[in-house]
Amino acid sequence: MLKTHSCGELNKEHVGREVTLAGWVDRRRDHGGLTFIDLRDSNGVAQVVFNPAISKSCHQIASEMRNEYVVSVSGEVTLRPPGTENLKLPSGEIEVIAQQTTILNPSKTPPFYINEEVEVDENLRLKYRYLDLRRKRMLNNLILRDKVVTFFRNFLHERGFIEVETPILIKSTPEGARDYLVPSRLYPGNFYALPQSPQILKQLLMVAGIEKYFQIAKCFRDEDSRADRQPEHTQLDIEMSFVDENDILSLAEELFSQLIEKVTPGKRILKPFPRINYREAMEKYGSDKPDLRFGMEMRDFTDIAARTDFSVFKKIVADGGRVKGICAPGCSGYTRTQLEELNQFVKGYGAGGLLTFALGSDSGNSKDLTLDMVKSVASKYMTLEQIEEMARRVEANLGDLLLVVAGKPKIVDKALGELRREMGSRLKMADPDLLAFVFITNFPLFAWDEDTKRWEPEHHPFTSPAPEDINKLESDPGKVRARMYDIVCNGMELASGSIRIHTPELQRRIFRLLGYTDEDIMLKFGTMIEAFEYGAPPHGGIAPGVDRIVMILAGEQTIREVMAFPKNQGAIDMMLEAPSPAREEQLKELHLSLREES
RNA sequence: GGCCCCGUGGUGUAGCGGUCUAACAUGCCACCCUGUCACGGUGGAGAUCAGGGGUUCAAAUCCCCUCGGGGUCGCCA
């Protein structure tokens, strides 16, 4: 090693020792006759003193040092003179008196600050990610991520799980997201696909008798990116044999509870994790990933709306629509501009508009409400009783603002659910120290796809239907519930899993329902079906998203901040400049020619 | 593909029709400085205001288009 100690570890214990440090110049303070350097390495920072009275040549060399130069320093660890200690630094009571120093490698002036926390244009950071990662915040995120992954491995190993790697070059399957394809050199016109998840492989491991499997697995999906989505992400992939829903959920609950306790003990969690079924989540929160850090639940006003003289309401109800609302506490004073902003907000989710009821200007009990205190375009078509009834359902008081959306049920839930989330964040209703984990259960097995006019799996086609609903599979597929569950935290889907189908008959039945011919089934999923004919055990699993978990624990707004080398929203690696054109020889070898885009 | 937001020295911001020959902080360069720690002081260099077009006597500023970035809807079993 070119060093005997790391900068961060030095303290009073080391006083009197001769040490050699090596790292980056974090800051130089040149007093002319005396120069200080904050030397930084992956462990922390230590102050080095260059005193010409100790070593004239060292002092000379120090005058050439600049930020981010890589240097090594040898010298004695001494206590700082009284009154010059720096309590902000763990090594602040000591300093190293340079007796020998070398510039190992100079550095150009970095394109942005390494030693200060300032927001920098993200593409610039991504282009120079290797510099960006030198910043404290990024280093801490990588350290946190390592702690999380290490915890997962230990936790599962202690419970008898074994980690199995599965291949990255696999077969394209028709279900789900767009695949990343890899052309085959040996077989012209044939392609591998990168796994969207190791789903089929882990189920085959169950057939293999592994019983308790996990993997820190890379997953690839060629879909548009978001703050919480990337072309490639990492899952903690878990699968177990001879289990039911409860076994998986209690394992997951234990996993996350202990993780939080160990890694971010300052955070509170709800324990036990609440379990909400899909229907209830959609009813109350308009979302299958509700943020439970605050209430503001949605209530149904459809029956009230039907009784009013408000033609907008009546028409929507007559057409099979619904009317639902939430209460924004203390917001009755919202200006026209603010209300219009919220109106535009719900329109963005397909709603026709937002109807608001400002309940008086003062705070107080809603029993004191009178009709002239209500400000709303709809109030003249409604009775006081009707408005009071709405207020009562959402537990509104004087001074509150009712936010009501009417329209097609799906759109109402989506728009009002997003509005709830928006108001929660505007009114800062979420406790920042709370991690509101919740299980969402009893998802429907299928969702009707209007575009393809087909039933599509809500999760994936390997999810087992609830036993009591199996007889409805063909007759009423929309009513069939799935043995599926999600883990949601603070409004983000953190994990998804299910008990799987393990008999060939049922698996075939599901595929047929999804519109596959028997020939298709054998062509595309033949391996799976055949494997199920050789004694497949009942099994199920779950797959938490590692990037999202770390993002939440780190308090970051995007998963890019917790990935070492992420891609930008356009799926471009700014640092490596990928994707990039292939050379003609490469294309030829792969039997590919490029198509002219029209 | 739709919608919203953003683009001014290396970095972060101000300026939002004329006083901009573009300001401030920091960084950079030079010199001074022996106890600083976001050291201090003096001086200096550094910006075709993303690009193009238009409106105007006059555009960083208003309008249009393009490009780039972010957020989001669609999409993501």
Side-chain angles (χ1 to χ4, degrees), chain A residues 26-39 45-54 59 63 66-68 80-89 91-92 95 97 108-128 131 173-179 196-197 199-200 219-231 233 341 344-345 347-351 411 414-415 418 421-422 443 445-447 449-452 454-463 482 484 493 496 498 510-511 514 543 545 557-558 560 568-570 572 574:
Chain A
D26 197 56
R27 247 189 194 98
R28 183 175 65 113
R29 290 179 293 279
D30 185 348
H31 289 234
L34 192 67
T35 299
F36 300 93
I37 295 263
D38 289 338
L39 191 64
V45 170
Q47 173 165 285
V48 180
V49 185
F50 296 88
N51 189 335
I54 306 289
H59 184 252
S63 74
R66 295 293 181 273
N67 282 358
E68 301 309 313
R80 293 193 185 188
T84 66
E85 300 88 354
N86 183 356
L87 299 177
K88 282 184 258 174
L89 240 55
S91 65
E95 59 194 6
I97 310 297
K108 298 210 295 189
T109 302
F112 50 82
Y113 298 103
I114 309 294
N115 52 15
E116 275 178 48
E117 290 298 324
V118 243
E119 285 302 316
V120 180
D121 176 71
E122 197 178 1
N123 262 359
L124 189 69
R125 290 173 55 202
L126 291 178
K127 181 175 177 192
Y128 295 99
L131 297 180
T173 53
E175 293 291 331
R178 199 175 292 116
D179 281 320
Q196 296 178 26
S197 84
Q199 183 61 34
I200 293 176
C219 304
F220 305 86
R221 292 172 193 181
D222 186 3
E223 299 289 351
D224 290 351
S225 299
R226 289 288 186 278
D228 61 354
R229 264 161 43 189
Q230 280 268 302
H233 75 281
E341 216 173 84
Q344 289 305 323
F345 182 88
K347 280 188 170 174
Y349 292 93
I411 289 177
K414 179 73 186 169
E418 291 298 332
R421 188 202 275 268
E422 172 72 13
F443 280 78
L445 188 61
F446 304 114
D449 188 322
E450 265 305 320
D451 297 334
T452 58
R454 287 198 327 185
W455 290 102
E456 302 275 356
E458 180 74 30
H459 183 42
H460 56 51
F462 315 114
T463 301
M484 171 192 166
E493 182 189 312
S496 206
S498 62
I510 297 290
F511 280 131
L514 294 172
Q557 296 305 305
T558 84
R560 282 175 248 121
N568 70 6
Q569 190 174 73
I572 291 169
M574 293 298 290

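Protein chains get the first letters and strands the later ones, always in sequence-line order, with residue 1 at the start of each.
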* Of the candidate nucleotides C39(B), U36(B), G70(B), which contains the atom at the shortest distance from the side chain of N568(A)? -> G70(B)
* Asked: Between C37(B) atom C1' and L89(A) atom CG, what is the distance in whole Å?
  -> 8 Å
* C49(B) to U8(B) separation - C1' atoms, rounded to the nearest Å -> 4 Å
* Between E68(A) and R66(A), is there a side-chain N and carboxylate O pair less than 4.0 Å apart? -> no
* Asked: Do side-chain atoms of Q196(A) reach the backbone of G176(A) as a donor and acceptor pair under 3.5 angstrom?
  -> no
* **C1' atoms of U48(B) and C3(B), separation to the nearest Å** => 33 Å
* Euclidean distance for C1', A60(B) against U13(B) (whole angstrom) -> 14 Å
* Is any side-chain nitrogen or oxygen of K88(A) closer than 4.0 Å to OP1 or OP2 of A38(B)? -> yes
* Using both distances under 3.5 Å as the test, list the Watson-Crick or G-U wobble partner of A45(B), or none. => none
* Asked: Expressed in angstrom and rounded to an integer, what is the separation of F50(A) atom CZ from G35(B) atom P?
  -> 17 Å
* Asked: Of the nucleotides U72(B), U26(B), U36(B), which has the atom closest to the E116(A) side chain?
  -> U26(B)
* Parallel, tilted or perpendicular: which describes the rings of F462(A) and F511(A), with under 30° parallel and over 60° perpendicular? -> perpendicular
* Taking atom C1' of U34(B) as reference, at what distance in whole Å does atom NE2 of H59(A) sit? -> 8 Å
* State, yes or no, whether a side-chain contact exists between R125(A) and M574(A) at a heavy-atom distance under 4.5 Å. => no
* Asked: Can you check the Q196(A) CD to C76(B) C1' distance for me, whole Å?
  -> 9 Å
* **Among G35(B), C37(B), A38(B), the nucleotide that comes nearest once only the side chain of R29(A) is considered** => C37(B)
* Asked: Quick one: CD on Q569(A) to CZ on R560(A), what's the gap to the nearest 0.5 Å?
  -> 7.0 Å
* Round to a whole Å and report the spacing from CG of D26(A) to P of G27(B). => 13 Å
* Asked: Reckon R27(A) has a side-chain N or O less than 4.0 Å from the OP1 or OP2 of C39(B)?
  -> yes
* **Proximity to the side chain of A53(A) - top-ranked nucleotide from U34(B), U36(B), C39(B)** => U34(B)
* For E117(A), does the CD atom sit with more than 12 other heavy atoms under 6.0 Å from it, leaving out its own atoms? -> yes
* Out of C73(B), C39(B), C37(B), which has the shortest distance to the side chain of T84(A)? -> C37(B)
* Let me know the distance between CG of D449(A) and C1' of C75(B), rounded to the nearest Å. => 11 Å
* Derivation and outcome, side chain to side chain contact (heavy atoms under 4.5 Å, CB included), residues D121(A) and F112(A) -> CA-CA 9 Å; D121(A) 176 71; F112(A) 50 82; over 6 Å; no
* Structure fact -> Here the distance between atom P of A38(B) and atom CG of D30(A), to the nearest Å, is 17 Å
* Could you check which of C75(B), G35(B), G70(B) has an atom nearest any side-chain atom of L34(A)? => G35(B)
* Proximity to the side chain of Q569(A) - top-ranked nucleotide from G35(B), U72(B), C76(B) -> U72(B)
* To do: Run the numbers on T173(A) and I200(A) for side chain to side chain contact (heavy atoms under 4.5 Å, CB included), then give the verdict.
  => CA-CA 10 Å; T173(A) 53; I200(A) 293 176; 4.0 Å; yes
* Can you tell me, in whole Å, how much space there is between the C1' of A23(B) and that of A47(B)? => 12 Å
* Under the 3.5 angstrom rule, does the side chain of R454(A) hit a backbone N or O of D449(A) as a donor-acceptor pair? -> no
* Which nucleotide in the list C37(B), U36(B), C75(B) gets nearest to the side chain of E95(A)? -> U36(B)
* Provide the distance between the two P atoms, one in C24(B) and one in G41(B), to the nearest whole Å. => 15 Å
Every protein N/O lying under 3.5 Å from an N/O of nucleotides 28-30 of chain B:
| unit_1 | atom_1 | unit_2 | atom_2 | d |
| --- | --- | --- | --- | --- |
| C29(B) | OP1 | R66(A) | NE | 3.1 |
| A30(B) | OP2 | R66(A) | NH2 | 3.4 |

* Nucleic acid footprint by protein, nucleotides 1-13 of chain B - heavy-atom cut-off 4.0 Å, B for base, S for sugar-phosphate alone -> ---------BBS-
* Distance between C1' atoms of G18(B) and C28(B) (Å, rounded) -> 34 Å
